[in-house]
Student: 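Got a structure for you, questions after.
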Amino acid sequence: MSDQLTIAGKSFTSRLLIGSSMYPNQQVMLDSIAASGAQIVTVAIRRINLQGQHLSVQSLLAERNLTLLPNTAGCYTAEDAVFTAELAREALQTNWVKLEIIGDRETLLPDAVELIRAAEILVKKGFAVLPYCSDDPVACQRLVDAGCAAVMPLGSPIGSGQGILNLYNLDIIRSRISLPIILDAGIGTASDATLAMEHGCDGILLNTAIAKSNNPVLMASAMRKGMEAGHEAFLAGRIPKKTHAQASSPVSGLATKAHKH
Amino acid sequence: MLNLIINGEKRSVNAQTIPDLLQHEKVPQAHWQALAVACNGKVITRDAWADVAFKDGDAIEIVKPFVGG
């Protein structure tokens, strides 16, 4: 099959990357992942609870043949992110990492300077780096130059559900970058996912829009369909927008009613 | 007994190595495969867990995958 998402040499039939957090319970999480069709699931790396509760999400997801993508969520410096990525590599035996370095506690926007620095270090250490970044074409290009495996610009702030705030930037990023572009963060509903795919994104990473909807399993299904529709529309190529109407029925050959004189 | 900082908490434990410590903390062996351990900021690969002898004051981090976005 040719129409696949390929990142760092690994191909997937689904273009949706899904988060594993904030679902009402574990079963809803698993059912939502299944309904979304996602094959890549993000996880965080955290200290174990020394008072017990050692149940791991890792075995649950791994036995469903899902690819786990550890993140560096919660990191504010390149050093912390590199350390977390190294721990993740050891825990999950994967060199893939969703590189996330926050620069502002209120907006949770990425710190481009730390991100690029960490990406350079991690690429040298053999990681396939998928950076969560701002929708800034220059920052995205710097991450490509650093050797990242994809770029993951935000649509809007994490968990905000505001959709894509800057389609202009997204279009510039798409036109200049041939690496996979995964829209990460800000998706609110299925039409946002459709729009991202219509504008040529290779995939979408989302969590809150599904997990916090009233019916996560149904929303997961909606996201899958919305993405598929958007991707097919992108491949088909939309018509250019025009200012004025253009008749779709033939303009000649219209019957005329005879009038008695 | 060694005074260690385990996941940010000062503790006195009777454990010399990572496997000792995980047993002491009653982490089931079935869950060891998804853990990562660092000593003083350096990740210790699984095959070296038994080789690292803790010293007084060492800072140990024990982590695993959790749900995340």
Side-chain angles (χ1 to χ4, degrees), chain A residues 17-23 26 29 41-62 68-74 79-80 82-94 98 100 108 125 132 158-159 184-185 205-212, chain B:
Chain A
L17 292 72
I18 192 168
S20 55
S21 188
M22 297 180 291
Y23 296 87
Q26 194 169 275
M29 173 188 78
V41 182
T42 56
V43 294
I45 300 296
R46 291 291 179 270
R47 288 169 166 170
I48 65 166
N49 182 353
L50 295 175
Q51 278 75 53
Q53 296 178 2
H54 297 296
L55 186 69
S56 175
V57 72
Q58 177 264 347
S59 54
L60 264 180
L61 298 173
L68 298 188
L69 175 60
N71 68 32
T72 62
E79 283 70 26
D80 283 349
V82 169
F83 181 51
T84 300
E86 288 177 328
L87 287 167
R89 177 162 64 180
E90 179 61 19
L92 291 168
Q93 300 297 303
T94 176
K98 172 186 167 178
E100 182 175 334
L108 299 181
K125 287 176 179 277
Y132 160 66
I158 294 172
D184 184 359
L205 197 165
L206 62 88
N207 191 160
T208 312
I210 290 176
K212 301 296 273 185
Chain B
M1 292 288 266
L2 283 173
N3 295 308
L4 302 176
I5 303 165
I6 306 167
N7 284 353
E9 225 177 278
K10 282 186 183 169
R11 302 273 301 277
S12 291
V13 295
N14 190 13
Q16 304 290 326
T17 64
I18 293 168
D20 280 356
L21 182 62
L22 295 177
Q23 274 163 6
H24 181 270
E25 298 297 333
K26 299 186 173 54
V27 180
Q29 283 218 3
H31 297 151
W32 289 17
Q33 63 158 27
L35 296 181
V37 183
C39 181
N40 299 327
K42 186 173 179 291
V43 177
I44 310 297
T45 54
R46 204 167 303 273
D47 54 359
W49 277 6
D51 303 334
V52 176
F54 295 143
K55 298 180 299 296
D56 230 25
D58 279 352
I60 316 296
E61 292 285 333
I62 311 170
V63 300
K64 68 169 190 177
F66 271 79
V67 294

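Note on naming: letters A, B, ... go to the chains in the order of the sequence lines (proteins, then strands), and numbering restarts at 1 for each one.
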Student: Most heavy-atom pairs under 4.5 angstrom with chain B, which of Ala88(A), Ser20(A), Ala211(A)?
Tutor: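 Heavy-atom pairs under 4.5 Å are most numerous for Ser20(A).
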Student: Distance from Asn71(A) atom CG to Phe66(B) atom CZ, nearest 0.5 Å?
Tutor: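 So the gap between those two atoms works out to 12.5 Å.
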Student: Nearest 0.5 angstrom please: Ile48(A) CD1 to His31(B) NE2, how far?
Tutor: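 The NE2 atom of His31(B) is 10.5 Å from CD1 of Ile48(A), to the nearest 0.5 Å.
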Student: Could you tell me which portion of Gln93(A) (side chain, backbone, both or neither) has an atom closer than 4.5 angstrom to a non-hydrogen atom of chain B?
Tutor: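 The side chain, not the backbone.
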Student: Starting at CZ of Arg46(A), measure out to CG of Asn7(B) and round the result to the nearest 0.5 Å.
Tutor: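 If I round to the nearest 0.5 Å, the distance is 12.0 Å.
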Student: For the CG atom of Asn49(A) and the CD1 atom of Ile62(B), what is their distance to the nearest 0.5 Å?
Tutor: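 Result: 11.5 Å between the selected atoms.
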Student: Pick whichever of Asp184(A), Leu68(A), Leu87(A), Leu17(A) has the most heavy-atom pairs under 4.5 Å with chain B.
Tutor: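 Result: the option with the highest number of such pairs is Leu87(A).
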Student: Determine yes or no for a side-chain-to-main-chain donor-acceptor pair under 3.5 angstrom, with Glu90(A) supplying the side chain and Arg46(B) the backbone.
Tutor: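 Yes, the answer is positive, given that a donor and an acceptor are paired below the 3.5 Å cut-off.
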Student: Is the closest side-chain heavy-atom distance between Leu92(A) and Pro65(B) below 4.5 Å?
Tutor: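 Answer yes - side chains close enough.
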Student: To check you understand the geometry: which heavy-atom pair defines the closest contact between Val67(B) and Met29(A), and what is its length?
Tutor: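 Looks like CG1-SD, 4.2 Å.
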Student: When rounded to the nearest 0.5 angstrom, what is the spacing between OG1 in Thr84(A) and CD in Glu61(B)?
Tutor: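 Output value for this atom pair is 9.0 Å.
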